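A quick write-up on the structure given underneath.
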Amino acid sequence: MSAYRWKNFHEDEDRPEKPRSFGVTEMRGPHYTLFAQNALQDIFESMGQFVDGLKFSGGSHSLMPKSFVKEVIDMAHEHDIYVSTGDWAEHMLRKGPSAFKQYIEECKQLGFDTVELNVESLEVPEDSLLRFVRLIKSGGLKAKPQFAVKFNKSDLPVGGDRAFGAYIVPTPRSSEFVEDVDLLIRRAERCLEAGADMIMIDADDVCKHIDSVRADIISKIIGRLGLERTMFEASNPRTYEWFVKNYGPRVNLFVEHSHVMDLECLRGRNLGKNHSSVLSSSYFLF
């Protein structure tokens, strides 16, 4: 007797079995909430086939006993889920040049698969960034540089209905540093040439107000770097729904643990374009 499948994909959009090189879903691990091993085990056992990666965000692994971190990593590997350090490597540089090599070795001993580099927090010359990428690769781990996209909020188009000729109050220019997107892409390209496996794009500012999303920036990044080599942080359901609708199920996304099932439904077939969520907003795992 065949099992009922509530989801399938178009033939030309179907994703391969894990390990996948596209359509990757990376899940946020301990950071905003403290996970017990049982909670992670429940997620892996119920949705492990939809989870490709687990990230210890915000350096949370540095506050946990190494034995606990090792057990979580081993548990993830049992379900063919890779584990990423998150953006913590920049803090190792304060301890001296040799600290980064020691950090990579310790990550390898604990079982981490990927080391993430927060380029903005590192604040190092490009040559140093590329050297860190090569050190990670020579250590037998995958490298994932993370870039943040920043732009002036006044560049966002004004949304909502308004009468023709109505006066629009101008948005004041922010004093925040505005990222040169072309420069960001060129630096990301050099990281890929140096051996980086994936580029993480922290597009929170781009997608925070999804009605005014800077689709031009997203399109330029994907067009230059490629869909398979890019992962976007999707902090809310409206954001990852926008990505799936515009770039299909093959887009790589980083989401909260409670959004994994909803995202997988969105990656599926013929779910409509105007729904707010396949599972209602009241759906939570915990």
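For clarity, every value in this text was computed on a predicted model and none was experimentally measured. Any value given below was found using the heavy atoms of this structure, including those in side chains, with hydrogens, waters and symmetry copies removed.
Ile104 has its side chain out of reach of Lys108: every pair of non-hydrogen atoms, C-beta onward, lies at least 4.5 Å apart. A heavy-atom distance below 4.5 Å is not found between the side chains of Gln146 and Leu117. Under the 4.5 Å side-chain criterion, counting only non-hydrogen atoms from C-beta, Phe50 is not in contact with Leu263. Contact of the Val149 side chain with the Ile221 side chain is registered, since non-hydrogen atoms from C-beta on lie closer than 4.5 Å. Within the 4.5 Å cutoff, side-chain heavy atoms of Thr230 are placed close to those of Ile201. Counting heavy atoms from C-beta outward, Leu253 and Arg267 have side chains that approach closer than 4.5 Å. Using a 4.5 Å heavy-atom cutoff, the side chains of Met47 and Glu264 are not in contact. Looking at heavy atoms from C-beta onward, Val24 lies out of side-chain contact with Val251 at the 4.5 angstrom threshold.
Hydrophobic clustering (side-chain heavy atoms under 4.5 Å, transitive across Ile, Leu, Val, Met, Phe, Trp, Tyr) keeps Ile199 apart from Leu130.
Every residue two or more places apart in sequence or in another chain that forms a side chain to side chain donor-acceptor pair (under 3.5 Å) with Glu126 is listed here: Arg190. Taking Asp74 as the reference, Lys70 meet the side chain to side chain donor-acceptor pair (under 3.5 Å) condition, with sequence neighbours excluded. The salt bridge (charged side-chain N to carboxylate O under 4.0 Å, His left out) test applied to Glu120 returns Lys150, not counting sequence neighbours. Qualifying ring-ring contact (aromatic ring centres under 6.0 Å, His included) partners for Phe44, counting only residues two or more places apart in sequence or in other chains: His79. Residues meeting the side chain to side chain contact (heavy atoms under 4.5 Å, CB included) test with Val51, sequence neighbours left out: Met27, Ile81, Val260. In this structure, Phe147 has no ring-ring contact (aromatic ring centres under 6.0 Å, His included) partners at least two apart in sequence or on a different chain. In this structure, the salt bridge (charged side-chain N to carboxylate O under 4.0 Å, His left out) partners of Glu189, at least two apart in sequence or on a different chain, are Arg224. The side chain to side chain donor-acceptor pair (under 3.5 Å) search around Lys66 returns Glu106, not counting sequence neighbours. Listed by chain and number, the residues in a side chain to side chain donor-acceptor pair (under 3.5 Å) with Arg186 amount to none (sequence neighbours excluded). Residues satisfying the ring-ring contact (aromatic ring centres under 6.0 Å, His included) criterion with Phe254, sequence neighbours excluded, are absent altogether.
Of all non-hydrogen atoms in Cys191 and Leu129, the two that sit nearest each other are SG-CD2, 3.7 Å. Closest of all the heavy-atom pairs between Tyr82 and Asp113 is CA-OD2, 3.3 Å. In plain terms, the two heavy atoms of Val119 and Pro145 that are nearest each other are CG2-CB, 4.1 Å. Looking at every heavy atom in both residues, Gly195 comes nearest to Val133 through C-CG1, 4.1 Å. Contact between Leu227 and Tyr247 at its shortest, heavy atoms only, is CD2-O, 4.0 Å. Taking all atoms of both residues into account, the shortest heavy-atom contact from Trp242 to Ala215 is CZ2-CB, 3.8 Å.
Side-chain polar atoms of His259 and Asn236 form no donor-acceptor pair below 3.5 angstrom. Looking at Asp216 and Ser219, their side chains never bring a donor and an acceptor atom within 3.5 Å of each other. There is no side-chain donor-acceptor pair under 3.5 Å between Arg20 and Thr25.
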Please test Phe232 against Tyr240 for ring-ring contact (aromatic ring centres under 6.0 Å, His included), starting from the C-alpha separation and ending with a verdict. CA-CA 9 Å; Phe232 293 93; Tyr240 59 70; over 10 Å; no
List the steps and the verdict of side-chain contact (heavy atoms from CB on, under 4.5 Å) for Leu225 and Ile185. CA-CA 7 Å; Leu225 302 181; Ile185 293 173; 4.1 Å; yes
Taking only distance into account, with no hydrogens and no angle test, what donor-acceptor pairs under 3.5 Å do side-chain atoms of residues 135-144 form with protein atoms, sequence neighbours excluded?
from	atom 1	to	atom 2	distance (Å)
Lys137	NZ	Asp197	OD1	3.0
Lys137	NZ	Asp197	OD2	3.0
Ser138	OG	Arg134	O	3.1
Ser138	OG	Leu135	O	2.8
Lys144	NZ	Glu26	OE1	2.4
Lys144	NZ	Glu26	OE2	3.4

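Interatomic distance, Arg28 CZ to Ser84 OG, rounded to the nearest 0.5 Å: 11.5 Å. The distance from atom CG of Asn118 to atom CG of Asp202, rounded to the nearest 0.5 Å, is 7.5 Å.
Not one N or O on the side chain of Thr239 forms a donor-acceptor pair closer than 3.5 Å with the backbone of Ser235.
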